[in-house]
Amino acid sequence: MNPALLPFDEALAALLAQAAPVDEVETLDTAQASGRVLAADVRSTLDVPPCDTAQMDGYAVLRADLAAAAPGQPVRLPVAQRIPAGQTGRALHAGEAARIFTGAFVPEGADAVVMQEAVQAEGDAVAFTQCPQPGEWIRRTGEDIRAGNVILAAGTRLGPQSCGLAASVGLAALPVRRRVRVACFYTGDELTMPGEPLRPGAIYNSNRFVLGALLRALGCELLDLGNVPDTLAATREALRRAARDSDLIVTSGGVSVGEEDHVKPAVQAEGELRMWQVAMKPGKPLAYGRVRRPGGAGTAHFIGLPGNPVSGFVTFLMLARPFVLRLQGVNDVAPRVLPLRADFDWPRPDRRREFLRARINTEGGLDLFPNQGSAVLTSTVWADGLIDNPPQQPIAPGQVVRFLPFANLLA
């Protein structure tokens, strides 16, 4: 392997070391907070449940009344009260039962609930043929959440279930970091937008649609500057415009060292550039730097992605995505890894760390897309995720590999 290539883990660590979370915090309605990142720990102000509740529709009883219950010798108790969810019954006395419904507060004195399927209703009484266990079918006070406990930690990226949890303890609003502002542009005179005539030598700009959708899925505030002409002046102007109101600038293409690759000198002129060659396949070229904002108001981060469609896609998922998450304030940015069986042969691995497009088959193993080229965008649609394969590691059928599902990388 070329000694100038930076190992993947070192490149990721170097990127994350630069990604301080945005400072600004805003308060959002809990109903609107899904997808945002918590800026502070959230604690419960109450126990959940707030008192003992029934887990089943049935009858609240005192176990001592049913000690003699047995098949053929049922114990009959009068039903003294009916307690639906949302209402509070009176204390339960010895020698009586209470009809109770799921979620209702268990009356004082009761020490078990017998589900309705285990009894025989007889008019205003009910017959029991067994004695329940202590606390049977009772959900105890604070069993789920205790008042004062942290229920959601700072740095949590909120999902629908997180917002539901916050709502369950009465929180109508949550403190979240503001959205990360990302500006994107795409270099290359050959790029044409879909819907326009495709002149000789031109290609449609698929990267604009892929990267824009990836950033929106992450909850970023996106400034899309579109295609930029392949000139140093146009690239510098695009960088100045992008840096004005953004936290991060992401570009596609132009980060190599050819005569028509103007991103490198443009970033150097407008700020500073650290250009890496990362030991990964696909996606070797990666640029990181900072671009000065007009008027000396600090700098914006810069990440330059390769222009090949699959290279840009994979490099974004594995390097730019965790960087964006860290800017948002997310603590755990590591992708989820599944150990799965390879149902294919990969006898000639690369000297770089490979990210292979694969999908789960009906037998629970992995099939490999036959063409792993860096321009084969169809492979990313066919696949369920990426196999994270170490450098120079052949893969034989039956071997367990590290699989990164797109379901966790694309949201």
Side-chain angles (χ1 to χ4, degrees), residues 16 19 21-22 24-57 85-86 101-106 137-180 182 213-222 316-318 320-340 360 364 384-386 402-411:
L16 294 181
V22 295
E24 294 93 331
V25 175
E26 55 193 27
T27 301
L28 278 188
D29 289 348
T30 299
Q32 305 300 320
S34 185
R36 305 294 290 273
V37 178
L38 271 181
D41 289 348
V42 172
R43 296 179 181 272
S44 177
T45 59
L46 49 81
D47 291 328
V48 177
C51 66
D52 293 355
T53 58
Q55 290 182 292
M56 290 279 186
D57 291 349
F101 296 88
T102 302
F105 292 175
V106 175
W137 299 120
I138 292 178
R139 187 172 175 230
R140 294 299 186 186
T141 302
E143 184 177 302
D144 187 11
I145 300 169
R146 285 289 184 185
N149 284 359
V150 173
I151 58 168
L152 294 166
T156 298
R157 190 167 178 229
L158 298 168
Q161 65 273 43
S162 310
C163 295
L165 180 60
S168 76
V169 298
L171 296 173
L174 294 170
V176 298
R177 295 189 185 274
R178 70 155 171 83
R179 293 185 186 275
V180 171
V182 183
L214 288 169
L215 288 163
R216 290 187 185 96
L218 283 172
C220 297
E221 191 176 301
L222 180 63
F316 181 92
L317 293 182
M318 303 315 303
R321 179 181 182 274
F323 185 87
V324 171
L325 291 174
R326 190 58 60 82
L327 287 181
Q328 292 174 333
V330 176
N331 293 326
D332 183 8
V333 299
R336 184 185 179 198
V337 178
L338 299 180
L340 293 180
I360 302 171
D384 293 329
L386 303 172
R402 290 165 46 89
F403 185 67
L404 312 176
F406 282 154
N408 301 108
L409 292 172
L410 298 181

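Both backbone and side-chain heavy atoms feed into the values below; hydrogens, waters and symmetry mates do not.
One finds the CD1 atom of I145 at 7.5 Å from the CG atom of L46 (value rounded to the nearest 0.5 Å). Separating the CZ atom in R36 from the SG atom in C163 is a distance of 11.0 Å, to the nearest 0.5 Å. Taken from CZ in R402 to CG in L340, the straight-line distance is 12.0 Å, to the nearest 0.5 Å. Here the CD-CZ distance, from Q55 to R139, works out to 7.5 Å after rounding to the nearest 0.5 Å. Distance check, rounded to the nearest 0.5 Å: CG of L327 to CG of L16 gives 9.5 Å. Residue N408 holds its CG atom at 11.5 Å from CG of L317, rounded to the nearest 0.5 Å.
Between the side chain of Q328 and the backbone N or O of G219, no donor-acceptor pair lies under 3.5 Å. With hydrogens and angles disregarded, no donor-acceptor distance shorter than 3.5 Å links the side chain of R336 to the backbone of P405. Using modelled atom types, no side-chain atom of R179 and backbone atom of E221 make a donor-acceptor pair closer than 3.5 Å. Under the 3.5 Å distance criterion, the side-chain polar atoms of T30 are left unmatched by any main-chain donor or acceptor of A167. Between the side chain of T53 and the main chain of F105, no donor-acceptor pair closer than 3.5 Å is present. Of the possible polar contacts, one joining the R43 side chain to the G148 backbone as a donor-acceptor pair under 3.5 Å is found.
For the pair A54 and V106, the tightest heavy-atom approach, listed with the atom from each and the gap, is N-CG2, 3.8 Å. The minimum heavy-atom distance linking P175 with V42 is given by the pair CD-CG2, 4.5 Å. Closest heavy-atom contact between R146 and S44: O-CB, 4.1 Å. A pairwise comparison of heavy atoms in S34 and G159 identifies OG-C, 3.5 Å as the closest pair. Pairing each heavy atom of A85 with each of G103, the nearest pair is CB-C, 4.1 Å. Minimum heavy-atom separation, I138 to E143: O-OE1, 4.2 Å.
Contact check for L218 versus C220: side-chain heavy atoms found under the 4.5 Å cut-off. Contact of the V176 side chain with the V25 side chain is not registered, since no non-hydrogen atoms from C-beta on lie closer than 4.5 Å. L28 places none of its side-chain heavy atoms less than 4.5 Å from the side chain of L174.
Within a 6.0 Å sphere centred on CZ of R140, other residues, nucleotides and ligands contribute more than 12 heavy atoms.
The side chain to side chain contact (heavy atoms under 4.5 Å, CB included) test with V48 singles out one residue from L165, T141, N149, D144, and that residue is D144.
Looking at residues two or more places apart in sequence or on another chain, you find a ring pair (Phe, Tyr, Trp, His ring centres under 6.0 Å) between F406 and F313.
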